[in-house]
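Below, chains carry the letters A, B, ... as their sequence lines are ordered, and counting in each starts from 1. What you see below is based on every heavy atom in this structure, not just the backbone, and it leaves out hydrogens, waters and symmetry mates.
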Number of protein chains: 2
Amino acid sequence: MSKNKAKRTTLQDIADVVGMTKMTVSRYMKNPNLVKISSRIEIESAISKLGYIPNRAPNILSKGKSHAIGVLFPSISNHVFDEVLRGIESITEPAGYQIMIAHYSYSKELEEKRIGSLLGYHVDGLILSESVHTANTLRMISSSGVPVTEIMDTCTPPIQQAVGFNNMQASQKMTEKLIQKGYKNIAYIGAKGDVRDILRQRGYEAAITEHGLKSLIFRSPDVSSIRLGSEILDSILRVHPKVDAAICTNDDVAMGVLLSCKKKGILVPDELAVTGMHGHEMGQLYSPKLASVITPRFNIGKVAAEQLLSRIDGVQVIDACIDLGFEINDGESI
Amino acid sequence: MSKNKAKRTTLQDIADVVGMTKMTVSRYMKNPNLVKISSRIEIESAISKLGYIPNRAPNILSKGKSHAIGVLFPSISNHVFDEVLRGIESITEPAGYQIMIAHYSYSKELEEKRIGSLLGYHVDGLILSESVHTANTLRMISSSGVPVTEIMDTCTPPIQQAVGFNNMQASQKMTEKLIQKGYKNIAYIGAKGDVRDILRQRGYEAAITEHGLKSLIFRSPDVSSIRLGSEILDSILRVHPKVDAAICTNDDVAMGVLLSCKKKGILVPDELAVTGMHGHEMGQLYSPKLASVITPRFNIGKVAAEQLLSRIDGVQVIDACIDLGFEINDGESI
DNA sequence: AATAATTATGTTACTGGTAACTTATTAATG
DNA sequence: CATTAATAAGTTACCAGTAACATAATTATT
C-alpha cells in the first residue's frame, strides 16, 4: 500500500521494461511504423501494463509549442458564446488542438491576467472576445509573437485580425426599422459589459439623430441578465412614461423586458416594442417572438479558428477584418 | 524589420543584460527581497525593457506541478454550470490556480480524451461533472495520481470524492409533491444527457410506483434545450392526452413546455402542471413562476474546489461524499 | 559473396526555471 | 581587528521528450 508518490510513467520506464532506449519508444508513439513489428508488440504491451500518459511539458519547453489555443470569453454565462465555441471546436478538434477556455468577467485587468497565464503555458494562439485591451496586454501579445484573432466585432482596428460583424451598423439598422414603423420614443437599454454594447448604443444614436428624434439611453452598471431587463423597465417608465420602444443590448435584457411587460399587462408590440440581439432560442420561441439581430455566431468561431490555425502554420494575414454580416428578424415584438 | 522568429525573453536574457546569473533573476521573480536593492532596480528595468512572460513549462517538467486545475463540463451551454464555475473560481482564483475548462458534449469517450489531454499538461487536480466514466478514464486517473472531485450528484460511489446533492431524492420529492396536490397522470420528460437525468427518472418512478400510479416516461435522444421541451409536448399529448403534470429533467425543457402551453392555450397549472430543476433565472421570472428544485450550485463549485485544493496539498479525504442538499420551490406552475 | 540500399535503433544535446548546495561579500559582535 | 553571522550571488544538476546525427542490423542488387 505505497503512497501514491510513485511518479508518472515515462518513456524511459517503458524502454527499461522492453530493453530499448526511450528514443525507440518515442518513435513508436509518433509513428509505430518506424519500429520493428516485434518491438512494436513488446512496447505495446509494456504501455498497456504501465499505463503511459504522454507528457507535453518537454515539448512545450524545447519547441515552445503546446498545441493548445487559448480562448477568452467575457463570461461563460453569456449564451452568445456557446455557438461561437462550437464553431471554434469544429476546426480545432479535427486539427488536434486543445482548447483552453478562460473568462474575465468583462474586466480588462482580468483579461490581462488570463492572457499572461495562458501565454505562460505557451498557447500557440489566442482568440479574444474583446477589441479593447490594456497596454500591458498588447505588449505581452506583441512580445510573445503569438497569433491573435479578435472575434465578435469589426468596428475597431484589430491587433492582427478580427472576425465578426458590425455591431454599430446592426443596432443602427434595427433602430431605423423601428423609426420606419413609426415609433417615436425609442429607448436604448445597455448594461455593464464590453465595447460592443457601446458600439450598439452609437448605432442607435446615429439613427436617432439622423431622424431628428431624441435619444433616451438607460445604462445599468450591472452585467446583462434577464433580471436586469425585467427590473430596468420600471425605472424607464418612471422617467419616460411615453417610451414606445426598447432596443436592448442583447436578448437576455430583452427577455427580461418582455416578461416584465407581461406582468404589468403592457401589450407588446402595441404599447411597447422590444428588440434584442443575437437571436437566441428563448426569444425565438417566446410569444410574441422577439425581434432580434441574427448573428453568425457559429461561423464567427469557425472562421476565427481557421484563420488562427493557418496563421500558426505561418500563413500571413490576408483579410485583417472579416465581416460575416448579420440579419434582422422582425419577430412579433415590433 | 526582422521576422518574429525572435524567441521569447528568458531569465537568461535578462541576466545577460544586467550582468548577473539567471538564478539571481529567478530569485527576484519569486521574492524581490532576496536580491540587493541596487540589483533589484537593474533587473526591474531590464524586465520592463525586454518584456518577460514567465514560462511555466520548466517547472511543470521538473516538478510535475502546473498550478492548474482541469474542470470538465458536459456542455458550456448548460446554464447550470455558470454558477458552479463561479463557485470554483471563488476558491481557485485567490489560491493562484489557473482553471482549464474543457467540455465533452455528454460523451464518455470525449471526456476520456479531454482528461488525457489535461493530464498531458500536468493539471494538479480534476473536477468532473459526471459520475460514470470509461475504464480507461479510471485507469488514467489512478495511474496519474491526480486528485479528482466529482460534482453534482451524490448517488453513485465516487472515484475519490463527490460534492453535490441527491438527484434521485430531489426528483422523488418533487413527484410526491405533485401526487399530494392531486395530480394523477404525471409524465417524466428526459433528454440525452448524463446519469443524473436517469437518476431523476428513477426518483420519479419510485414515487409513482409507491403511490400506485402509472409511470409515463418520455425521453428524447437530443440534448436538452428549450426547443426540445417545446417540441416534445405535442407528442406527449398525442400519446397521453390525459397527462396533467410534466416533471422535466431541467429548467430548459420545462421552459419549452411552458412556452408551448402558452401557444396552445393550455392553462398552467390548471390543465397542466410543469416542474423543472435548478431554479434558473428564466423560470423564476416567468409567469407562472416555474416550480423547480433549487440546487446549491455556487456552493457545489466552492466546496469541490476547497476539497480539491486541500487534497492537492496532501490532506486526506475525510468525507468521500458531501451532500449539500436542495430545496423545492413551488412557484406557480403546480 | 560483395556492395549498396534500406530499415532499425542508439547517442547526444537541448529546452528554462529552480532546488540544493557552495562561495563571495558585507555587516555585526566581542 | 578578528571572528562570527547574515546577506547576496554563483554553480550544478535535473526534469522528459525529440531533432539531428551516427551506427548497427537487415535486405536487395549486381
Side-chain angles (χ1 to χ4, degrees), chain A residues 5-44 46-47 50-68 116-117 119-122 124 143-144, chain B residues 5-43 46-47 50-68 116-117 119-122 124 143-145:
Chain A
K5 278 284 106 218
K7 73 170 175 44
R8 231 176 267 199
T9 305
T10 68
L11 292 186
Q12 187 63 64
D13 296 333
I14 295 160
D16 290 346
V17 169
V18 296
M20 305 171 192
T21 60
K22 59 179 180 170
M23 198 57 227
T24 306
V25 185
S26 169
R27 273 189 268 259
Y28 168 84
M29 296 302 299
K30 274 224 141 172
N31 181 1
N33 295 328
L34 295 172
V35 172
K36 212 203 303 175
I37 299 172
S38 62
S39 313
R40 229 182 277 179
I41 294 163
E42 287 189 78
I43 293 173
E44 227 157 72
I47 286 176
L50 297 179
Y52 179 69
I53 298 167
N55 183 356
R56 284 180 184 272
N59 251 317
I60 297 177
L61 180 55
S62 59
K63 310 282 138 47
K65 292 264 167 283
S66 60
H67 249 236
S117 177
L119 290 176
Y121 292 102
H122 274 269
D124 297 338
S143 79
S144 72
Chain B
K5 278 283 107 217
K7 72 169 177 46
R8 231 176 265 199
T9 306
T10 67
L11 292 187
Q12 187 63 63
D13 297 334
I14 294 160
D16 290 346
V17 169
V18 297
M20 305 171 194
T21 61
K22 58 179 179 169
M23 197 58 227
T24 306
V25 184
S26 169
R27 273 189 268 260
Y28 168 85
M29 295 302 298
K30 274 224 140 171
N31 181 0
N33 295 328
L34 295 171
V35 171
K36 212 204 301 175
I37 299 172
S38 62
S39 312
R40 231 181 276 178
I41 295 163
E42 286 188 80
I43 294 173
I47 286 176
L50 297 179
Y52 178 69
I53 298 167
N55 182 356
R56 283 179 185 271
N59 251 315
I60 297 176
L61 180 54
S62 58
K63 308 286 136 45
K65 292 264 164 285
S66 60
H67 249 235
S117 176
L119 290 176
Y121 291 103
H122 273 270
D124 297 338
S143 78
S144 72

Length of the line joining [X]:[atom1] and [N]:[atom2], which is rounded to integer Å:
{"X": "Met29(A)", "N": "dA16(D)", "atom1": "CE", "atom2": "P", "value": "15 Å"}
{"X": "Ile60(B)", "N": "dC15(D)", "atom1": "CD1", "atom2": "P", "value": "17 Å"}
{"X": "Asn31(B)", "N": "dA8(D)", "atom1": "CG", "atom2": "C1'", "value": "13 Å"}
{"X": "Arg27(B)", "N": "dT11(D)", "atom1": "CZ", "atom2": "P", "value": "11 Å"}
{"X": "Arg56(A)", "N": "dT18(D)", "atom1": "CZ", "atom2": "P", "value": "11 Å"}
{"X": "Lys36(B)", "N": "dA9(D)", "atom1": "NZ", "atom2": "P", "value": "5 Å"}
{"X": "Asp13(A)", "N": "dC15(D)", "atom1": "CG", "atom2": "P", "value": "11 Å"}
{"X": "Ile14(A)", "N": "dG17(D)", "atom1": "CD1", "atom2": "C1'", "value": "12 Å"}

Test item: [X] and [Y] side chains (from C-beta on) under 4.5 Å apart, heavy atoms:
{"X": "Tyr28(B)", "Y": "Ile47(B)", "answer": "yes"}
{"X": "Arg8(B)", "Y": "Ser144(A)", "answer": "yes"}
{"X": "Tyr121(B)", "Y": "Ile60(B)", "answer": "no"}
{"X": "Arg40(B)", "Y": "Asn33(B)", "answer": "yes"}

Item to complete: Find the bend of the helix from dA1(C)-dT30(D) to dG30(C)-dC1(D) as the angle between its two terminal axes (five pairs each), to the nearest 10°.
Response: 40°
Can you tell me if the side-chain N/O atoms of [X] get under 4.0 Å from OP1 or OP2 in [N]?
{"X": "Ser39(B)", "N": "dA9(D)", "answer": "yes"}
{"X": "Lys63(B)", "N": "dC14(D)", "answer": "no"}
{"X": "Thr21(B)", "N": "dG10(D)", "answer": "yes"}
{"X": "Tyr52(A)", "N": "dG17(D)", "answer": "yes"}
{"X": "Ser62(A)", "N": "dA16(D)", "answer": "no"}

Would you say the side-chain atoms of [X] pair up with the backbone N or O of [Y], donor to acceptor, closer than 3.5 Å?
{"X": "Asp124(A)", "Y": "Lys65(A)", "result": "no"}
{"X": "Asp13(A)", "Y": "Thr10(A)", "result": "yes"}
{"X": "Ser39(A)", "Y": "Val35(A)", "result": "no"}

Worksheet entry | Selection from dC15(D), dA8(D), dG10(D) that lies nearest to any side-chain heavy atom of Met23(B) | dG10(D)
Discussion item. What's the closest nucleotide to the side chain of Asn59(A) if the choices are dG17(D), dA9(D), dA16(D)?
Written reply: dG17(D)
Response to the item:
On DNA chain D, more 5' by nearest nucleotide between Leu61(B) and Gly19(B) is Gly19(B)
Response to the item:
5'-most contact on DNA chain C (nearest-nucleotide basis), Lys22(A) vs Val35(A), goes to Val35(A)
Discussion item. Judged by each residue's nearest nucleotide on DNA chain C, which is more toward the 5′ side, Pro58(A) or Met20(A)?
Written reply: Met20(A)
Worksheet item: Going 5' to 3' along DNA chain C, which nucleotides are the first and last within contact of chain A (any atom under 4.0 Å from a heavy atom)?
Response: dA8(C) to dG16(C)
